[in-house]
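Presented below is the structure to which this report refers.
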Amino acid sequence: MAKEIVNNKETKNNLPLRLNILFLVVFLAFATLIVRLGFVQIVNGAHYKSIVNGNHNQTANIASARGKIVDINGVTLADNKAELAIVYIRNAGIDAQKSLSIARQLSQLITMDNQAVQLVTTRDEQEYYALTHFKNLQQAFNAFLSQKEQTTLAANPTNEYNLLLSRIPNRVLTGFTAKDMQVMAIQHAFNQASNLNPYIIKRGLNVNDREYVNVVDHLSEFNGTIQTADVSSRAYAPNIPFYIGTVGQIPAEKINNYLAEGYSRNDMVGTSNLEQQYESYLRGVPMTLTYHTKNGQPVGNPTVKPGQRGDDLQLTIDSRLQDALPQILISNIKAARAQAGNSQNNSAYAVVMNPKTGAILAIGGEKLVNGQFVDASNEAINSQFAMGSAVKGATELTGFQYNAVPTSFTDMPIQYPGQNPNNSFKSWEVSGLGSLTPAQALEFSSNIFMAKITSNMAGITLTPAGGHYQASLPLATSPQFIRAVENLRNGYSQFGLGVKTGIDLPTEGTGYNGGMPDNPGLIHQFGIGQFDTYTPLEMVQYISTIANGGYRIQPHLLQSVRAPSSDPTRLGPTIYTYKPRILNTINNTPQQIQTVQDGLYLVTHGPSLQATGIMLGTGANTKYKIAAKTGTAQIDANDLQLYNETLVSYAPYDNPQIAVAVVVPAVRTGAQNKQIALDIYQKYDSLYHYTSGN
């Protein structure tokens with residue numbers, strides 16, 4: 001037992017020694033590892049960093065074809081045209097002198113067009129001068145930079161090169177030949193390229209073009225810096241509507257944003273209207289080229305990941321109606337100009353929309369310029385006009401919101417303070433139209449009834465005085481008057497008048513806000529559409545709000561987005577459908593809206609047709625079931641017989657499916673606004689047969 005006790009004691013004495021030895025070994029191992037890591041990171045860090053930087057993969061993109069744009073029936077409006085291009089692929093081994101050599105060589109094979117030549121900048125000319133007038137760049141540096149500047153900038157060659165170019169005076173940038181300009185145009189394009197990203201130098205070629213054949217025959221001489229590629233350009237249907245838009249080079253002010261999204265510098269992008277609005281859908285998935293590089297230069301052929309054509313847009317537009325609209329407008333402009341006194345009329349505009357969904361069916365505008373008609377349909381969205389009595393539906397419904405609409409009121413002239421008998425306000429029938437209800441006020445287009453509404457809102461008293469009213473006006477600075485103008489304008493905005501409609505285009509007009517009237521009597525002009533101005537698009541949204549029972553619907557041109565189809569005769573599966581968007585609901589009761597709807601129906605069906613109504617031809621009013629309001633807005637204070645003819649309408653009045661707004665500026669006589677509307681309804685009915693049950 002004693003021996004065993006001794007042995008255990010020896011074991012206990014040896015244990016700390018063993019642990020200490022183990023700790024020492026671990027310590028020495030960690031110390032060795034730390035020293036080795038320090039040696040790798042500090043002593044050889046730059047070496048290993050250069051290896052990592054010199055050998056890696058780099059990707060580049062080549063844009064795929066854009067998606068198509070088609071109308072509601074699948075008719076192609078915008079497509080792609082396959083073509084060949086010559087592209088430049090920069091790599092880290094190409095300096096300015098080498099780039100110039102390649103440009104000179106390529107200039108022997110292709111010719112840059114005038115547009116490309118015009119892109120040559122002063123900097124391009126300075127660079128060309130520096131590279132061609134000195135044996136090497138060092139001589140150029142010695143000629144224009146001091147030794148101190150060269151020493152200071154030695155660590156930043158880019159800044160040194162930029163300073164050199166800035167020192168070359170404009171006086172030496174002369175005498176360039178056409179051949180020089182060709183080289184500079186190519187060099188300018190080269191300078192836009194980033195490393196290993198294919199940059200298109202010239203496009204629009206085919207396999208039979210001499211330039212293309214020349215380049216293909218000499219590709220081996222360019223060591224991979226010049227290549228050919230299959231690309232596409234945009235192809236549009238004849239007489240394409242303006243709202244389709246255009247594609248082009250990325251705008252300079254947006255280049256950084258596009259590069260951050262993976263675009264290349266010379267990718268073609270949507271630059272206006274629907275091409276721009278829906279760029280994210282129309283842009284295809286780019287082809288990806290993955291290069292393995294060593295010291296910044298590609299090694300071997302890239303790995304190619306195929307791209308995919310962009311998604312297709314199906315629009316709400318019916319091309320059959322859209323194509324008919326320009327001729328409808330042109331024929332009516334000609335008819336107007338054929339009438340005495342209408343020589344100032346040179347344009348007409350129309351917008352057609354589904355009042356329940358906001359789907360735009362057609363937008364048209366034609367203008368006579370230097371004896372030729374040109375498309376001016378963009379003005380139906382962006383230009384404003386005085387609309388006159390066509391806005392009276394909004395006046396009544398706004399008045400209802402402020403309890404300002406009388407149940408009946410007698411129409412007779414209003415005399416303003418002062419002795420001048422011309423200082424008055426009256427309806428088209430100067431002696432008066434008798435006692436009118438709100439619906440009849442719309443039927444007979446009573447200015448006085450609208451003046452009564454705005455007077456009640458503004459605190460203006462109209463006192464009967466022997467066949468006319470004597471107006472007692474508040475100060476234009478009075479709180480009630482100011483509030484009345486603001487309430488009237490805010491009420492109009494509920495219908496889309498004076499505010500953006502929300503159409504799916506990058507820009508749209510909002511009309512002109514006349515501000516606060518300095519004369520309180522001008523609120524009467526406001527109430528009959530002769531103070532603020534509006535766009536035709538705003539007018540069709542306004543009448544649609546009445547037609548659909550009181551909700552302001554957002555106009556839209558997009559119906560759906562379709563995935564690319566392998567069958568060119570069919571659309572692909574739907575990936576997005578536009579859902580109608582209600583922007584707001586007007587603050588009126590169903591009964592008040594019905595009252596205004598009844599008045600618009602009476603305009604085309606009431607007993608006043610012979611005097612003020614819309615005569616649309618024998619039986620046309622009954623057949624097409626149109627509800628409408630016309631307007632004649634005086635546009636020249638010195639020529640009160642010159643006015644804009646306007647019209648807003650919808651049909652059928654008992655189940656609206658089409659709303660039409662028409663503006664015919666600067667006329668003295670005639671009814672082309674009505675005839676344009678009739679022509680549109682006739683065309684629409686021939687396509688959709690909505691009157692077939694009558």
Side-chain angles (χ1 to χ4, degrees), residues 387-418 423-476 478 480-492 495 497 517 519-532 546 587-589 591-593 595-596 598-600 602-603 606 608 612 629-634:
M387 296 297 182
S389 296
V391 306
K392 286 178 177 176
T395 302
E396 284 202 359
L397 286 167
T398 300
F400 276 125
Q401 295 175 15
Y402 295 96
N403 300 312
V405 181
T407 55
S408 65
F409 190 69
T410 299
D411 183 298
M412 56 184 181
I414 297 172
Q415 186 72 38
Y416 295 119
N423 189 22
S424 62
F425 183 82
K426 57 180 73 71
S427 294
W428 58 272
E429 178 57 70
V430 294
S431 62
L433 296 169
S435 181
L436 303 172
T437 64
Q440 290 173 326
L442 292 173
E443 175 189 2
F444 287 92
S445 196
S446 171
N447 291 344
I448 300 302
F449 197 94
M450 306 304 145
K452 176 59 176 174
I453 294 172
T454 56
S455 293
N456 288 345
M457 295 174 65
I460 297 173
T461 302
L462 302 178
T463 305
H468 69 274
Y469 295 104
Q470 189 65 43
S472 177
L473 303 176
L475 294 175
S478 69
Q480 183 176 357
F481 178 80
I482 293 173
R483 188 165 56 251
V485 174
E486 292 173 345
N487 289 341
L488 193 60
R489 190 168 278 134
N490 290 337
Y492 277 27
F495 299 88
L497 296 175
N519 180 340
L522 290 176
I523 197 170
H524 294 158
Q525 300 290 340
F526 197 142
I528 64 169
Q530 298 205 158
F531 193 75
D532 285 0
I546 296 174
N587 298 323
N588 291 94
T589 66
Q591 182 179 2
Q592 292 168 348
I593 296 172
T595 295
V596 172
D598 290 344
L600 299 177
L602 288 172
V603 170
S608 67
T612 65
K629 185 71 192 78
T630 59
T632 52
Q634 295 169 332

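From a predicted model like this one, the values you see are computed outputs, not experimental measurements.
Here the side chain of Q530 pairs a donor or acceptor atom with the backbone of Q634 at under 3.5 angstrom. Of the possible donor and acceptor atoms, none in the side chain of Q525 sits under 3.5 Å from a partner among the backbone N and O of L522.
Counting all heavy atoms, side chain and backbone alike, V391 lies closest to I528 at CG2-C, 4.0 Å. Taking all atoms of both residues into account, the shortest heavy-atom contact from G527 to M450 is O-CB, 3.9 Å. Heavy-atom minimum distance, V603 versus E443: CG2-CA, 3.8 Å. What you find for F481 and P517 is that their closest heavy atoms are CE2-O, 4.0 Å. Residue A633 comes nearest to G529 through the heavy atom pair CB-O, 4.5 Å, listed as atom of the first residue, atom of the second, then distance. Contact between L436 and S446 at its shortest, heavy atoms only, is CD1-CB, 3.5 Å.
By the ring-ring contact (aromatic ring centres under 6.0 Å, His included) test, F400 pairs with no residue at all, sequence neighbours left out. Not counting sequence neighbours, D598 has no partner by the salt bridge (charged side-chain N to carboxylate O under 4.0 Å, His left out) test.
Side-chain atoms of R489 and V485, non-hydrogen and from C-beta on, do get closer than 4.5 Å to each other. Under the 4.5 Å side-chain criterion, counting only non-hydrogen atoms from C-beta, L397 is in contact with F495. In this structure, P474 and I460 have side chains that are in contact, with non-hydrogen atoms separated by less than 4.5 Å. You'll find the side chain of P464 reaches within 4.5 Å of the side chain of Y469, heavy atoms only. Using a 4.5 Å heavy-atom threshold, the side chains of L462 and I414 count as touching. The shortest distance between side-chain heavy atoms of H524 and Y416 falls below 4.5 Å. I453 is not listed as a side-chain neighbour of Y402, based on a closest heavy-atom distance of 4.5 Å or more. Here the side chains of N447 and K392 are in contact, with some heavy-atom distance below 4.5 Å.
The side-chain hydrogen bond (donor to acceptor under 3.5 Å, both in side chains) test with Y492 is passed by exactly one of T398, D532, T395: T395.
With rounding to the nearest 0.5 Å, the separation of NZ in K629 from OG in S445 is 3.0 Å. The line from CZ of F531 to CG of L488 is 10.5 Å long, rounded to the nearest 0.5 Å. Here the CG-OG1 distance, from L442 to T437, works out to 8.5 Å after rounding to the nearest 0.5 Å. The structure places CD of Q591 at 5.5 Å from OG1 of T595, a figure rounded to the nearest 0.5 Å. For the atom pair CD1 (I523) and CE (M457), the distance works out to 6.5 Å, reported to the nearest 0.5 Å.
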So I448 and M412, side-chain contact (heavy atoms from CB on, under 4.5 Å) or not? Walk me through it.
CA-CA 7 Å; I448 300 302; M412 56 184 181; 5.9 Å; no
Verdict with reasoning, V596 to Q592, per side-chain contact (heavy atoms from CB on, under 4.5 Å)
CA-CA 7 Å; V596 172; Q592 292 168 348; over 6 Å; no
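Between F409 and F449, the two ring planes are perpendicular [angle over 60°; tilted spans 30° to 60°].
Using modelled atom types and a 3.5 Å distance limit, the side chains of S472 and Q470 yield no donor-acceptor pair.
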